[in-house]
Amino acid sequence: MTITQKLLARAAGRDEVRPGEFVTCRLDMVLGNDVTAPIAIDEFRRMRAERVFDPAKVALVCDHGTPNRNIDAATQTKKVREFAREMGIPNYWEADQGGIEHIILPDKGLVIPGDVVIGADSHTCTYGALGAFATGVGSTDAAAGMATGECWFRVPKAIEVIYSGTLRPWVSGKDLILRLIGEIGVAGARYRSLEFRGQVIDALPMAGRFTMCNMAIEAGAKNGIIAPDQTTLAWVAGRSDREPVALASDADAQYARTVQIDCDDLEPQVAFPHLPENTRGISEVGEVPIEQAVIGACTNGRLEDLRQAAKVLEGRHVADGVRCIIIPGSHQIHLEATREGLVELFLEAGCLVSTPTCGPCLGMHMGVLAEGERAIATTNRNFVGRMGHPGSEVYLASPAVAAASAVAGRIAGPQDV
Amino acid sequence: MKASGKAHKYGDHVDTDAIVAARYLSMTDPIELAAHCMQDIDEEFVERVEPGDVIVAGENFGCGSSREHAPIAIKAAGVSAVIAASFARIFYRNALNIGLPIIESPEAAAAINAGDEVTVDSDAGTIVDHTTGEEFTFRPLTGIAAELVEAGGLVPMVREKLGTT
Ligand code: SF4
């Protein structure tokens with residue numbers, strides 16, 4: 001079996017599962033946010049459930065339109081807050097405890113290796129970086145998960161992706177996953193697990209692993225996963241009282257497909273509008289002027305990401321006419337970035353530093369684009385209208401490339417500025 | 001389920017931002033959401049669509065975010081079924097859960113033209129294109145997916161489990 005199949009078998013109380021079969025699994029965490037939880041709460045009521053199956057295994061994170069962007073958003077957040085209180089859910093945070101869901105859940109030790117997690121947010125697949133099975137669902141599935149502590153799944157086949165070689169300077173987890181999506185396409189892993197391995201992954205820090213698993217959904221995958229190793233266990237240590245369960249795929253596990261990516265010559269990647277599969281190496285980008293750069297999101301809002309951006313921005317200044325918006329992924333990260341001097345460095349360089357939020361990532365607020373405007377962003381989607389007007393454009397890249405582009409006023413690599 | 005209407009045709013990878021843009025996500029009312037359905041890729045859809053109509057699309061329909069607002073908006077707009085060459089998995093689950101009929105049929109998705117009069121019969125497993133005279137068959141759902149449709153969606157199914165029916 002693959003690691004994903006083993007995780008599902010374990011949570012279904014089975015010794016073995018086969019691809020294609022339906023299983024019902026017990027859940028270690030059910031997640032909702034300010035956009036999806038309000039509908040989940042309505043559905044939960046319609047199910048006539050009285051309490052959530054286990055308040056400690058539910059997390060409700062208001063991050064998309066917070067700090068509340070308008071009265072409708074404030075009403076939604078209030079609804080989520082009141083539900084959390086009513087149900088005694090401890091995992092609801094305001095202000096200094098908060099941040100973007102997929103950053104704070106692992107940071108707070110609420111997801112650990114071996115867990116099975118559903119979230120009413122497609123990027124729930126981020127936690128695969130911990131060797132957990134984690135997948136996005138809709139609000140009604142989340143409501144059922146909150147009510148019953150269970151969810152049904154169809155056991156997926158896996159695609160194994162082997163990254164070999166050594167990374168060149170400035171090449172990051174974002175480039176590894178963009179390169180893959182460029183190769184297999186946005187539906188290339190539909191209904192499949194994406195299992196990342198190889199010497200490059202072995203050497204990749206957790207931040208890069210989270211970025212990679214985060215974007216598994218952009219290849220259509222059900223989940224992305226990396227088997228836990230020393231890096232994972234060291235990262236998890238001290239974050240949770242629960243014992244991590246480190247599983248791995250069997251040596252004879254069957255894969256639907258194997259993709260080999262040699263990284264020796266891999267350069268930073270940029271995904272052109274309007275699909276994440278439209279990737280090009282930075283040297284093939286050509287002249288693309290930008291009005292905005294966004295560094296943040298559940299994809300790249302971690303401290304390591306901010307450090308990468310800072311390395312590029314240090315002693316430089318954002319180009320005239322460019323708004324470079326930096327969004328730490330959580331209040332804690334914002335605080336640490338401040339202590340390290342990164343926030344001052346960003347401000348000196350002419351960047352705007354925002355409170356943690358999804359904000360512009362989905363065109364909600366804090367940096368929405370007008371018709372004809374172009375942004376480079378460390379987010380994960382560049383669909384039509386994703387960051388604002390349907391006539392705007394989003395280019396996806398790593399923090400280093402986004403920072404370099406902000407300095408150059410056009411899409412550029414860190415080595416070009 | 002048997003329904004008839006005109007086909008509204010789209011290409012591959014219709015994403016959930018195209019179905020309901022994020023700027024409308026602070027709403028949850030189905031009718032309000034339906035008023036913005038498909039807006040960013042087909043501004044006139046909302047004016048053209050009539051009860052019973054079907055959406056016909058290519059590969060990976062509903063890719064992107066997990067927002068249930070997308071199938072909710074399509075259903076509330078009066079669409080009786082979505083026929084696509086393939087669906088993104090979260091959209092597929094969401095549609096089953098809320099009772100929006102979805103049919104995977106690459107043949108029908110390729111052959112049906114925009115504006116064709118179409119009848120979908122999900123019990124018989126057939127799609128008839130009255131404009132061209134073509135008929136297509138599709139495989140019925142199996143396993144929990146079939147049980148969900150049988151139960152009328154996930155809410156009644158959970159009520160059953162909780163004993164709150
Ligand atoms: S940062 Fe963007 S992709 Fe991540 S959870 Fe928020 S809206 Fe979704």
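Below, read A as the first sequence line, B as the second, and so on, with proteins coming before strands; counting in each chain starts at 1.
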Hey, does [Y] have a side-chain heavy atom less than 4.5 Å from the side chain of [X]?
X         : Y         : value
Asp141(A) : Leu154(B) : yes
Ile39(A)  : Ile72(B)  : yes
Thr24(A)  : Ile144(B) : yes

Heavy-atom contact with chain B under 4.5 Å, split by part of [X]:
X         : value
Phe53(A)  : neither
Glu150(A) : side chain
Asn70(A)  : side chain
Arg381(A) : side chain
Leu275(A) : side chain
Ile217(A) : side chain
Arg386(A) : both

[X] and [Y]: which non-hydrogen atoms are nearest, and at how many Å?
X        : Y         : result
Asp40(B) : Gly385(A) : OD2-CA, 4.2 Å
Gln76(A) : Leu25(B)  : NE2-O, 3.3 Å
Arg48(A) : Thr164(B) : NH1-O, 2.7 Å

Atom [atom1] of residue position [X] - does it have more than 12 heavy atoms of other residues, nucleotides or ligands inside 6.0 Å?
X         : atom1 : value
Lys6(B)   : NZ    : no
Arg51(A)  : CZ    : no
Glu150(B) : CD    : no
Glu135(B) : CD    : yes

Between [atom1] of [X] and [atom2] of [Y], what distance do you get to the nearest 0.5 Å?
X         : Y         : atom1 : atom2 : result
Thr140(A) : Leu96(B)  : OG1   : CG    : 11.0 Å
Asp15(B)  : Phe383(A) : CG    : CZ    : 4.5 Å
Ile118(A) : Ser66(B)  : CD1   : OG    : 10.5 Å

In terms of heavy-atom proximity below 4.5 Å to chain A, should [X] be classed as side chain, backbone, both, or neither?
X         : value
Leu162(B) : side chain
Val158(B) : side chain
Thr16(B)  : neither

Taking [options] one by one, which has the highest count of heavy-atom pairs under 4.5 Å against chain A?
options                        : value
Glu68(B), Arg23(B), Met157(B)  : Glu68(B)
Glu59(B), Arg159(B), Arg67(B)  : Arg159(B)
Gly143(B), Cys63(B), Gly153(B) : Gly143(B)

Mind checking which of residues 85-95 of chain B sit less than 4.5 Å from chain A, heavy atom to heavy atom?
->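 Listed by number: Ser86(B), Phe87(B), Ala88(B), Arg89(B), Ile90(B), Tyr92(B), Arg93(B), Asn94(B).
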Does a donor on one side chain and an acceptor on the other come within less than 3.5 Å for Ser26(B) and Arg69(A)?
-> yes
Return the option, out of Ala40(A), Ser139(A), Ala49(A), with the maximum number of heavy-atom pairs under 4.5 Å with chain B.
-> Ser139(A)
